[in-house]
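Structure record follows, encoded as structure tokens.
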Amino acid sequence: QVQLVESGGGLVQAGGSLRLSCAASGRTLSMYVMGWFRQAPGKEREFVAAIRFGGSTYYQDSVKGRFTISRVNAKNTVYLQMNSLKLEDTAVYYCVADRVLRWSAGSVEFWGQGTQVTVSS
């Protein structure tokens with residue numbers, strides 16, 4: 001089992017920034033791709049970003065250039081730095097872990113409890 005605990009969500013004005021953190025524990029995390037999904041009201045969960053143990057990163061097109069995912073392996077922690085936030089970024093953000101890169105939510109192995117990000121005008 002892998003346990004994931006997110007923090008850092010909140011309310012921010014459009015154009016502002018937030019940093020989400022995800023603390024992971026459990027199995028050898030070097031085996032896992034870590035990432036973030038989000039779910040806006042009335043919409044399906046969607047891929048946001050992911051990072052391999054070696055540092056390779058992947059992003060949804062709508063967040064490229066605005067969001068940055070990083071991980072500190074020694075701390076078993078993953079971060080999502082979100083800049084230039086837009087109203088459409090409002091969602092519950094979930095930290096995820098899987099042994100392979102997952103682009104769709106249905107196959108992801110481990111989920112955190114989620115943290116709310118609300119962007120206001």
Side-chain angles (χ1 to χ4, degrees):
Q1 285 291 92
V2 174
Q3 293 79 41
L4 304 169
V5 179
E6 304 100 332
S7 60
L11 175 65
V12 64
Q13 286 191 323
S17 298
L18 278 177
R19 188 176 81 156
L20 305 182
S21 300
C22 173
S25 61
R27 293 180 178 173
T28 304
L29 294 172
S30 61
M31 299 171 57
Y32 288 85
V33 179
M34 306 294 296
W36 296 89
F37 277 70
R38 68 185 180 186
Q39 186 168 22
K43 296 187 176 181
E44 295 184 351
R45 289 187 187 186
E46 63 176 3
F47 173 85
V48 177
I51 184 167
R52 296 188 185 275
F53 185 80
S56 298
T57 57
Y58 308 84
Y59 296 95
Q60 183 198 112
D61 285 346
S62 69
V63 307
K64 284 181 181 177
R66 300 189 298 121
F67 290 11
T68 302
I69 189 170
S70 61
R71 73 192 275 176
V72 179
N73 293 325
K75 294 184 177 181
N76 291 335
T77 302
V78 177
Y79 303 97
L80 185 68
Q81 177 66 43
M82 304 185 293
N83 299 327
S84 302
L85 283 160
K86 303 177 180 180
L87 297 179
E88 52 265 40
D89 293 318
T90 294
V92 177
Y93 283 70
Y94 296 91
C95 180
V96 300
D98 203 299
R99 282 164 286 186
V100 298
L101 178 62
R102 301 288 186 187
W103 297 100
S104 61
S107 302
V108 171
E109 190 170 4
F110 298 106
W111 293 84
Q113 82 284 357
T115 185
Q116 177 71 47
V117 172
T118 303
V119 184
S120 65
S121 59

For [X] against [Y], the heavy-atom pair lying closest together:
| X | Y | result |
| --- | --- | --- |
| A40 | A91 | N-CB, 3.8 Å |
| S84 | S17 | N-OG, 4.4 Å |
| L85 | R66 | CA-NH1, 3.9 Å |
| G9 | V117 | CA-CG2, 4.2 Å |
| V33 | R52 | CG2-NH1, 3.8 Å |
| N73 | R71 | OD1-NE, 2.7 Å |

Out of curiosity, [X] [atom1] to [Y] [atom2], how far, rounded to the nearest 0.5 Å?
| X | Y | atom1 | atom2 | value |
| --- | --- | --- | --- | --- |
| I51 | L101 | CD1 | CG | 11.5 Å |
| K64 | T57 | NZ | OG1 | 9.5 Å |
| W36 | M82 | CH2 | CE | 8.0 Å |
| L20 | F67 | CG | CZ | 8.0 Å |
| Q60 | W103 | CD | CH2 | 10.0 Å |
| L18 | Q81 | CG | CD | 8.5 Å |

- Message: In the structure I gave you, are the side-chain heavy atoms of F110 and Q1 within less than 4.5 Å of one another anywhere?
- Response: yes

- Task: Please examine the side chains of Y79 and V72, heavy atoms only from C-beta on, and report whether any two atoms are closer than 4.5 Å.
- Result: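 Touching, per the 4.5 Å side-chain cut-off.
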
In one Ile/Leu/Val/Met/Phe/Trp/Tyr side-chain cluster, 4.5 Å: [X], [Y]:
| X | Y | answer |
| --- | --- | --- |
| V92 | L80 | no |
| V108 | Y59 | no |
| V48 | M34 | yes |
| F37 | V63 | no |
| I69 | V2 | yes |

- Query: Hey, which of Q116, E6, R38 is the one that makes side-chain hydrogen bond (donor to acceptor under 3.5 Å, both in side chains) with Y93?
  - Reply: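 Only one option passes, and that is R38.
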
- Backbone N/O of V119 and side chain of T90: donor-acceptor pair under 3.5 Å: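 Judged by distance alone, yes, a pair lies under 3.5 Å.
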
- Can you check whether E109's main-chain N or O pairs, donor with acceptor, with D98's side chain at less than 3.5 Å? yes

- Message: Over 60° means perpendicular and under 30° means parallel, so tell me whether W111 and Y94 are parallel, tilted or perpendicular.
- Response: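 Plane angle over 60°, so perpendicular.
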
- Query: Can we say K86 and D89 salt-bridge, meaning some charged N sits less than 4.0 Å from an Asp/Glu carboxylate O?
  - Reply: no

- Message: Are there over 12 heavy-atom neighbours, none belonging to Q13, within less than 6.0 Å of that residue's CD?
- Response: no

